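Here is the structure we will look at, set down as structure tokens.
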Amino acid sequence: MTTSAYRVDEEGLMTRHLFTDSDIQSLSNICDAAAERFKENAANLRDWKHPHLADQFELQEKEARKFSSILMNAEPFEVSYESA
């Protein structure tokens with residue numbers, strides 16, 4: 001297992017972060033927890049007669065589960081972003 005790594009380019013404008021296996025597992029777990037919360041919220045909203053909002057939370061649950069599945073099968077990867 002590798003450790004998290006941050007790098008800043010020569011101009012100091014872009015930062016790169018390497019997501020390790022451990023980072024990816026954490027992100028997948030976060031998506032799973034979010035999916036469960038979205039599911040609970042959708043059920044509550046249906047009970048409270050807010051079907052449109054419940055539909056939105058059900059869609060978010062589905063998307064969070066999809067992202068979790070993608071992350072569970074991902075290899076370590078690097079993300080670049082503008083430095084603050």
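Source: prediction; values computed, not measured.
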Taking the side chain as every heavy atom from C-beta outward, state whether [X] and [Y] have any atom pair closer than 4.5 Å.
X	Y	value
Gln56	His50	no
Glu40	Leu45	no
Arg37	Glu61	no
Asp21	Pro76	yes

Separation between [atom1] of [X] and [atom2] of [Y], rounded to the nearest 0.5 Å:
X	Y	atom1	atom2	result
Ile24	Ile70	CD1	CD1	12.5 Å
Glu63	Cys31	CD	SG	11.0 Å
Asn44	Leu53	CG	CG	12.0 Å
His17	Phe77	NE2	CZ	8.0 Å
Glu36	Arg65	CD	CZ	4.5 Å
Glu58	Phe38	CD	CZ	12.5 Å

Say whether, by atom type as modelled, one donor and one acceptor occur between the side chain of Asp23 and the main chain of Thr20 under 3.5 angstrom.
->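 Yes; judged by distance alone, with no hydrogens or angles, the pair exists.
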Side-chain donor or acceptor of Ser28 paired with backbone N/O of Ser68 under 3.5 Å =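 Checked: pair present.
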Heavy-atom count around Glu75 CD within 6.0 Å, excluding the residue itself: above 12?
->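 Atom CD in Glu75 is not crowded, with 12 or fewer foreign heavy atoms closer than 6.0 Å.
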Test log, rule side chain to side chain contact (heavy atoms under 4.5 Å, CB included), inputs Leu27 and Met72 | CA-CA 9 Å; Leu27 289 171; Met72 286 297 295; over 6 Å; no
